[in-house]
Amino acid sequence: MAETPVEATLQGNKELIRRFIEEGQNRHDYDLIDAFSTEDCVIHHPAARKPASEADDRRRMAEELWEAFSDFRFGIEDMVAEGDWVAVRLTAHATNDGPLGPNKDVSGKTVAQPVQVHYRLRDGKIAEVWIEEDVYGMLLQLGLIPKSPRLLHWMNRLGIMRLLQMAGKVPKEDPSYQLS
Amino acid sequence: MVGADNKSAARRVCQEVWSEGRLDAADELLAADCAGHTPEHREFTGPAGLREAVTELREAFPDLHIEVTIQVAEDDRVVTEFQMKGVHSKKYLGTRPTKKPIDVASAVMTRHSDGKIVEYWAEWDRRQLLEQVGVVPTLSPQGKPA
C-alpha cells in the first residue's frame with residue numbers, strides 16, 4: 001500500500017529525530033545537533049530553572065553532560081509522530097565517570113533512566129524540546145541523595161542539607177538538567 | 001477516527017480520574033491487565049493500580065488538577081504532556097501540609113487496544129514536587145513554583 005504524503009512526512013520527521021539522537025546525541029557530535037536545531041530552539045527540562053533558548057546554553061548543557069557521563073547514549077524505545085510533533089520514549093544509559101554538577105561528583109555508577117521527549121519541528125529543524133524524566137530517581141540511582149523522603153525532609157528542616165551542600169556532600173544545584 | 005478516540009481516552013484519564021477523582025472511570029478506560037510504568041510506583045497493573053496512585057496523591061493534594069498542554073497520536077499510541085497543579089493540604093510522604101502550591105510537568109504515553117488503555121508510561125520529576133513542598137531545599141530562586 002502506497003504511503004500518503006502525510007504518512008511520508010511523518011516518517012521523514014521520525015527519521016530526522018532518529019538521526020538527531022543516534023548520530024548527534026549518541027556520538028556526542030554537537031555540530032550535528034546544532035545543524036538539526038533552529039537558532040531559537042527552546043529546551044524545557046524539569047531541573048533547568050528556565051527553558052534553555054540560547055545557543056551557548058544548549059551547547060554547555062550537552063558538553064557538561066558528556067563530560068559527566070563519557071558513555072552517555074539514548075536507546076530509542078518508541079516514536080509517535082503527528083503534525084509538527086515527534087514524541088519519543090527513551091532510556092538513557094550512562095556511567096557517571098566525570099565531574100557532575102558544581103560539586104564535581106564522580107560516583108562511578110551507571111544509570112538506566114527512562115525519559116520522554118517531545119520535539120516540535122519547524123522547516124525541517126527542531127524548534128522546541130520538552131523533556132520529562134524523574135530527576136529524583138536518577139539522583140537515587142547515583143547515590144547522591146538519601147532514599148527516604150522523610151529523612152530528606154528532616155535533614156532539610158534541621159538545615160543538615162545545607163551543611164552537606166556547603167561541605168560538598170550533596171549537589172547544590174541539580175546536576176541532571178544536563179540529561180537533555 | 002481512532003487517533004481522536006485514543007486522544008480522548010487519554011484526556012479522560014487526566015480529567016475524570018486525576019482531576020475529578022472519579023476512580024470508577026479508571027475501570028472504563030483501562031484494560032484489566034493494563035501495564036503501568038511510573039516513577040512513583042514503578043509498576044502497576046490495571047485500574048486498581050492507577051486508583052491507588054491517584055488516591056495517594058489526591059489525599060495530599062485534594063484540589064489536584066491537570067492541564068493538558070500537548071497531545072501527539074499515531075497508530076495505537078498517544079502521548080499527553082500536562083501540568084499537575086494543586087495545593088499541599090494534607091500529609092505527604094511524612095511531611096506536614098505546607099499549603100504550598102505545586103506545578104509539575106509530566107508526560108504520559110498510552111497504548112490503546114479495543115477502546116481500552118493497555119499500557120501506560122508516565123514520567124514526571126518527583127524531585128520538583130518534593131522541592132515545591134519543601135521536602136528538599138529550593139536550590140535556586142527560580143526553582144519556586146509560579
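Below, chain A is the first sequence line, B the second, and so on; all start at residue 1. Because only heavy atoms are used, hydrogens play no part in the values below, and waters and symmetry mates are left out as well, while side chains stay in.
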**Electrostatic pair B/Lys7:A/Glu82 at N-O distance under 4.0 angstrom** = yes
Only one of B/Gln15, B/Arg12, B/His65 passes side chain to side chain donor-acceptor pair (under 3.5 Å) with B/Glu20, and that residue is B/Gln15
Do side-chain atoms of B/Asp33 reach the backbone of B/Ala35 as a donor and acceptor pair under 3.5 angstrom? no
The reported gap from CD in A/Glu22 to CZ in A/Arg27 (rounded to nearest 0.5 angstrom) is 8.5 Å
Honestly, the part of A/Trp85 sitting under 4.5 Å from a heavy atom of chain B is both
>> Distance alone, cut at 3.5 Å: any donor-acceptor contact between the side chains of B/Gln71 and B/Thr80?
In response: yes
request  = Would you check if the distance from the ring center of B/His37 to the ring center of B/Tyr120 is below 6.0 Å?
outcome  = no
Residues of residues 107-117 of chain B with a heavy atom under 4.5 Å from any heavy atom of chain A, in residue-number order, are B/Ala107, B/Val108, B/Met109
